[in-house]
Amino acid sequence: MNHPLSLYNTLTRTKEPFTPLESPFVGLYVCGPTVYGDAHLGHARPYITFDVMRRYLQYLGYKVRYVRNITDVGHLQNDADSGEDKIQKLAKAAQLEPMEVVEKYTNSFHQDMERLNVLPPDIEPRASGHIIEQIEMIREILENGLAYESNGSVYFDVPAYNQAHNYGKLSGRVIEDLLSNTRDNLEGQEEKRSPLDFALWKKASPSHIMRWPSPWSDGFPGWHLECSAMSRKYLGKQFDIHGGGLDLMFPHHECEIAQSQASHNHTDAARFWVHNNLITINGKKMGKSLGNFITLGEFFKGTHEALQQAYSPMTVRFFILQAHYRSTLDFSNEGLQAARKGYLKVINGLRILDQLQYPETTGAIDAKAEEEIKKLTAELFAPLNDDLNTAKSIAALFNLLKKINSMHTGGFKLETISPETFEEMRTQYRTLVLDVLGLKIEQTADAQDLLQVVLSFYKEAKEAKDYAKVDVIRAQLKGQGIVIKDMKTGIDWAYEE
């Protein structure tokens with residue numbers, strides 16, 4: 001297969017033509033959530049971004065295996081090797097088993113992703129279900145002399161690894177600078193040979209609930225190790241694309257690269273490292289650790305104090321897709337309100353295309369009009385080949401939409417283009433909106449309220465003794481399985497039995 005798709009590779013800092021290792025198969029791994037709280041807008045961005053990437057790769061004809069993990073153990077409070085496990089800390093405060101917390105927030109995450117029309121991954125492994133694989137990877141790194149055991153914990157030896165490899169090549173960090181900027185008195189550093197070393201396995205304290213037996217101690221795996229082990233299990237020692245948020249590039253993804261190379265002396269596990277930029281609020285990263293986040297549930301209900309109104313899932317999705325995934329995106333009510341209008345324009349375009357019918361009698365094809373529609377249609381997908389530029393694809397949608405609206409009002413005569421060009425335009429518009437961008441038509445009208453409006457018209461017609469209109473309304477509602485009930489106390493309705 002030969003497609004002109006190029007992606008920005010963080011590893012090389014360049015856009016590169018994308019060719020999978022074993023075409024037509026594509027292996028895609030994306031870091032999933034640590035499930036200790038409800039998902040917020042910052043979480044939505046990577047999962048919508050890589051949902052579109054997966055959808056577009058499938059549109060191009062590739063067979064994608066999409067793996068996105070659930071982190072349910074080992075992610076400590078300061079994202080490093082000290083502090084309490086984030087899930088265990090919450091479980092203690094709520095007097096729950098840690099896995100009760102995991103199930104609650106995993107289910108909440110899945111519900112939010114479904115609302116956002118993010119397709120479920122092909123495989124969704126949990127860190128706690130892959131302890132054996134992680135222990136095996138630690139054994140391999142120890143055997144290769146790039147890790148050491150200390151008081152029941154096992155640490156990755158960064159300086160030793162850096163002698164033959166380049167620790168920092170993903171993030172651009174220089175190991176000497178990292179060493180000079182690292183404080184030696186951080187908690188837990190006394191077990192390490194170097195402050196840059198990171199945990200592959202941590203010995204559990206007596207109060208630590210989440211623990212497993214290992215050759216070194218009863219303990220739990222390091223956060224960085226989990227993705228290395230699970231990506232290798234389901235995608236192999238080398239695969240095509242590893243995705244995630246820019247905030248994971250260092251140290252998480254940097255450590256993943258080091259672990260994978262150290263365990264099997266292989267080249268980089270992922271050929272392409274793709275990172276979406278952050279969502280900010282008042283110029284600062286939105287995140288749980290900063291306490292400035294707005295959950296997706298709050299967006300959908302409009303319950304957060306920073307929100308002027310509720311925003312539907314498709315409004316949120318459109319808001320995220322209006323910006324290129326590598327650019328920062330700042331939260332604002334104005335931006336979300338503009339996104340809502342843009343989304344509704346695009347969806348109205350679908351409705352118009354469904355109504356448009358190519359005329360049975362046609363005149364002469366206008367070569368200029370034909371070429372214009374072909375050009376506008378071709379521009380829908382072209383930006384996606386340039387590093388998945390959804391912002392430009394949406395702009396192209398609006399350009400074509402102007403012509404579609406003109407066709408609807410009669411300003412642009414359909415018969416001036418060929419039926420083939422018309423069908424291609426309709427197909428490509430629908431495919432981009434529904435299948436690739438993953439937008440869907442949200443039911444915004446309340447059926448009960450609409451029914452009450454119809455009944456009010458029925459009442460007016462009856463009082464005016466306009467029995468023809470009364471019969472029409474009755475017949476129309478009966479066709480929908482609803483019967484009108486005239487009672488002494490008023491007018492009501494019921495489902496037809």
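Just so it is clear, the structure is predicted and the values come from calculations on it, not from any experiment.
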Handout entry: NZ or CZ of Arg115 within 45° of Phe300 ring axis and under 6.0 Å
Key = no
Problem - Cation-pi, Tyr8 ring and Arg326 (6.0 angstrom, 45 degrees) - result: yes
Practice task
Check the pair Leu437, Thr390 against side chain to side chain contact (heavy atoms under 4.5 Å, CB included), reporting the backbone distance first and the verdict last.
Solution key: CA-CA 8 Å; Leu437 296 180; Thr390 57; 4.1 Å; yes
Exercise for the section: Pick out which of Asn389, Thr49, Asp387 makes a side chain to side chain donor-acceptor pair (under 3.5 Å) with Tyr325. Expected result: Asp387
Problem - Donor-acceptor contact below 3.5 Å, side chain Asn9 vs main chain Trp273 - result: yes
Handout entry: Test item: Ser231 side-chain N/O and Ser228 main-chain N/O as donor-acceptor pair under 3.5 Å
Key = yes
Aromatic ring proximity, centroids under 6.0 angstrom, [Y] and [X]:
X	Y	answer
Phe25	Tyr62	no
Tyr36	Tyr105	no
Phe381	Tyr59	yes
Tyr47	Phe109	yes

Practice task
Test Ile417 against Phe412 for side chain to side chain contact (heavy atoms under 4.5 Å, CB included), laying out the working first.
Solution key: CA-CA 10 Å; Ile417 62 174; Phe412 187 102; 3.9 Å; yes
Any donor-acceptor N or O pair under 3.5 Å, side chains [X], [Y]:
X	Y	value
Ser108	Asp38	yes
Asp330	Thr280	yes
His110	Glu124	yes
His253	His275	yes
His130	Tyr234	yes
Gln452	Ser456	no

Practice task
List for me each residue that meets salt bridge (charged side-chain N to carboxylate O under 4.0 Å, His left out) alongside Lys15, sequence neighbours excluded, and say none if there are none.
Solution key: Asp386
Handout entry: Residues which pass salt bridge (charged side-chain N to carboxylate O under 4.0 Å, His left out) with Lys374, listed by chain and number, not counting sequence neighbours
Key = Glu370
Problem - Presence of salt bridge, Arg126 and Glu103, under 4.0 angstrom - result: yes
Handout entry: Over 12 non-hydrogen atoms of neighbours within 6.0 angstrom of CZ in Arg426
Key = yes
Exercise for the section: Using the side chain to side chain donor-acceptor pair (under 3.5 Å) rule, collect all pairs that involve residues 293-308, keeping only residues at least two apart or in two chains. Expected result: Thr295-Glu298, Gln308-Gln337
Practice task
Dump the intermediate steps for salt bridge (charged side-chain N to carboxylate O under 4.0 Å, His left out) on Lys169 and Asp268, then the final yes or no.
Solution key: CA-CA 11 Å; Lys169 67 179 181 179; Asp268 299 314; 2.7 Å; yes
Exercise for the section: Could you please spell out the steps behind the salt bridge (charged side-chain N to carboxylate O under 4.0 Å, His left out) verdict for Arg271 and Asp240? Expected result: CA-CA 5 Å; Arg271 295 171 58 248; Asp240 296 299; 3.4 Å; yes
Exercise for the section: Measure up the Tyr161 and Tyr167 rings against each other and bin them: parallel (under 30°), tilted (30 to 60°), perpendicular (over 60°). Expected result: perpendicular
Problem - Audit row: Glu256, Arg232, salt bridge (charged side-chain N to carboxylate O under 4.0 Å, His left out) steps and yes/no - result: CA-CA 11 Å; Glu256 277 193 61; Arg232 184 170 80 170; over 6 Å; no
Handout entry: Student check: side-chain heavy atoms of Leu200 and Ile141 closer than 4.5 Å
Key = yes
Practice task
Decide yes or no for Ile257 and Leu11: does some side-chain heavy atom of the first lie under 4.5 Å from some side-chain heavy atom of the second?
Solution key: yes
Practice task
Give the intermediate values and the outcome of salt bridge (charged side-chain N to carboxylate O under 4.0 Å, His left out) for residues Glu379 and Lys375.
Solution key: CA-CA 6 Å; Glu379 288 172 350; Lys375 183 174 181 292; 2.7 Å; yes
